[in-house]
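What follows is a short report on a single structure.
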Number of protein chains: 2
Amino acid sequence: MKTTSSSPRFQPLYQQIKTLITQSLIAGEWAPGAAIPSEMELAARYGVSQGTVRKAIDELAAENIVMRRQGKGTFVATHSEDMVKLRFLRLVAMDGSKELLDNQLLSCERVKAPAPTAAALQIKSGSAVIDIRRLLLFNGKPLILDRIILPAAAFKGVNDKQIQSYNGSMYRMYETELGIRMVRAEEKLTALGADGEVARTLGLKQGTPLLSIERVSYTYGDKPMEWRLGLCLTDRHHYLAHLE
Amino acid sequence: MKTTSSSPRFQPLYQQIKTLITQSLIAGEWAPGAAIPSEMELAARYGVSQGTVRKAIDELAAENIVMRRQGKGTFVATHSEDMVKLRFLRLVAMDGSKELLDNQLLSCERVKAPAPTAAALQIKSGSAVIDIRRLLLFNGKPLILDRIILPAAAFKGVNDKQIQSYNGSMYRMYETELGIRMVRAEEKLTALGADGEVARTLGLKQGTPLLSIERVSYTYGDKPMEWRLGLCLTDRHHYLAHLE
DNA sequence: GAGTGGTCTAGACCACCAA
DNA sequence: TGGTGGTCTAGACCACTCA
């Protein structure tokens, strides 16, 4: 277990361990929801002390990449289990009522990537993407009009049927069907007035103020995998943010 | 340095240490920007090992309550120094241009707290508050119309002159003049149309979509100290959020 | 060179969980 | 009962800062 001062270190050991564990996750060595080896095992595997592995796992846990459960083990985080029905959705009802969201798929086509979206997804402009439009309804009333764009290369075989069968839980679908797990996301919010088409779809007057949420979601290793634009009605909901 | 197993522990030791340090911060034992005692000193003071103090400080650092600087020491976080001109402001220009914000104070009155604001600030409805209205301009054009409400009891002596002299850096003023440091905030965002008065003040047509940001800011110990409502023009800016 | 935080280790005991 | 993560300690050495 002696590694100190044997090789020149450019990075703290625990950072290197963290990278190694992340690589195993990317390689799919441990599936979402499965347990990763215990701290002692990993320490032995990498030839470091348990405390060093612990610090690496601490960071992964802080980033929601991994979940610790005392007495049981450490598990690869998953969308499937937990209550995480709608990961990343920060919209909450003002009266605090529970989410009763229905999902209505409007379209799902294979098209060429528009330039700005391609840039956000770090793919070539014009390459094939899957373009999904859907409506989320709250208590039967339209709440969010979503447009979701996925690089076709990584999301092979995604189609209407598949989406329908997951009833709107896109992230659960990505994980279960394709093994793609989103780790973090960035959102850009603006306020805008509903244009003609949007107003029609949402059943609103033209010009009604909407909250526009543009989201890029990233998988392991900061790779962008999904682009989304949501137009939200905020008369009964608001977007909740915690600042630190 | 032996404390283990001597007294029944209901909380991890490092949590207790964290609480003790926080209490010293609340009591003002160390001013913002000042160094707190070294890890070894604190370990000696509290009768625990340096590692335990370290873990307590780690959490305080993660919460931006304290800042570590290798080789120098650990310092109480401050708004005054750093580049943190506008703490908590998540609005960024779409073209990435630098913030050139001007501040224009519209009014500053002492009034009775409206019920919802009083609730958010956890004070009695109708108790005295300071009600500030101001305009933030970006490159000379109106960008944000702010209304800021502060409990008068804690913010004694706040007036136009004082606010003017800090040129819009409210958090810097709170800290410097009153020793009140905000640690975190919660924001609720909605989209709405500008009403007559707002439209006039911002120089817009009535009904122009605006991003409404309601913010409650908290000081040490999760005590709410400021309520704010910002109405923002988002044609050239967007609100940036990071989700994990 | 002395002092600070940053990393790493090795070993102890605790709290929780399952078979 | 044995294995897991959670806490705590004591001591080592490294990297940085400043006088």
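The sequence lines fix the lettering, A, B, ..., with proteins before strands; numbering per chain opens at 1.
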Taking the side chain of B:Arg54 as its heavy atoms from C-beta onward, which of C:dT7, C:dC16, D:dC8 lies nearest to it?
-> C:dT7

Check the pair B:Leu136 / B:Asp146 against side-chain contact (heavy atoms from CB on, under 4.5 Å), numbers first and verdict last.
-> CA-CA 8 Å; B:Leu136 289 176; B:Asp146 258 337; 4.1 Å; yes

Compute whether any side-chain donor of one residue and acceptor of the other, for B:Tyr239 and A:Glu187, lie under 3.5 angstrom apart.
-> no

Around atom CZ of A:Arg236, are there more than 12 heavy atoms of other residues, nucleotides or ligands at under 6.0 Å?
-> no

Identify which nucleotide among D:dT9, D:dT4, C:dC8 has an atom closest to any side-chain atom of B:Val48, counting heavy atoms from C-beta outward.
-> D:dT9

Selected nucleotide, minimal atom distance to A:Leu13 side chain, candidates D:dT9, D:dT4, C:dT9 = C:dT9

Can you tell me how far P of D:dC8 sits from NZ of B:Lys55, to the nearest Å?
-> 8 Å

Toward the 5' end of DNA chain C, by each residue's nearest nucleotide, B:Gly71 or A:Gly51 = B:Gly71

Testing C:dT4, D:dG6, C:dG5 for proximity to the side chain of A:Arg68, the answer is D:dG6

Between D:dT4, D:dT9, C:dT7, which nucleotide has the shortest distance from any of its atoms to the side chain of B:Ser49?
-> D:dT9

Does B:Thr74 make a side-chain N or O approach to OP1 or OP2 of C:dG5 shorter than 4.0 Å?
-> yes

Using a 4.0 Å heavy-atom cut-off across all strands, classify B:Gln70 as base, sugar-phosphate, or nothing.
-> base

Rounded to the nearest angstrom, tell me the gap between atom CD in A:Gln50 and atom C1' in D:dG5.
-> 8 Å

Taking the side chain of A:Tyr14 as heavy atoms from C-beta outward, which of D:dC8, D:dG5, C:dC8 is closest to it?
-> C:dC8

Taking OP1 and OP2 of D:dT4, is either one under 4.0 Å from a side-chain nitrogen or oxygen of A:Ser38?
-> yes

Output yes when a side-chain donor or acceptor of A:Arg134 lies under 3.5 Å from a complementary backbone atom of A:Gly168, and no otherwise.
-> yes

Quick note, A:Lys72 side chain, CB onward, closest among C:dC8, C:dA18, C:dG5 is C:dA18

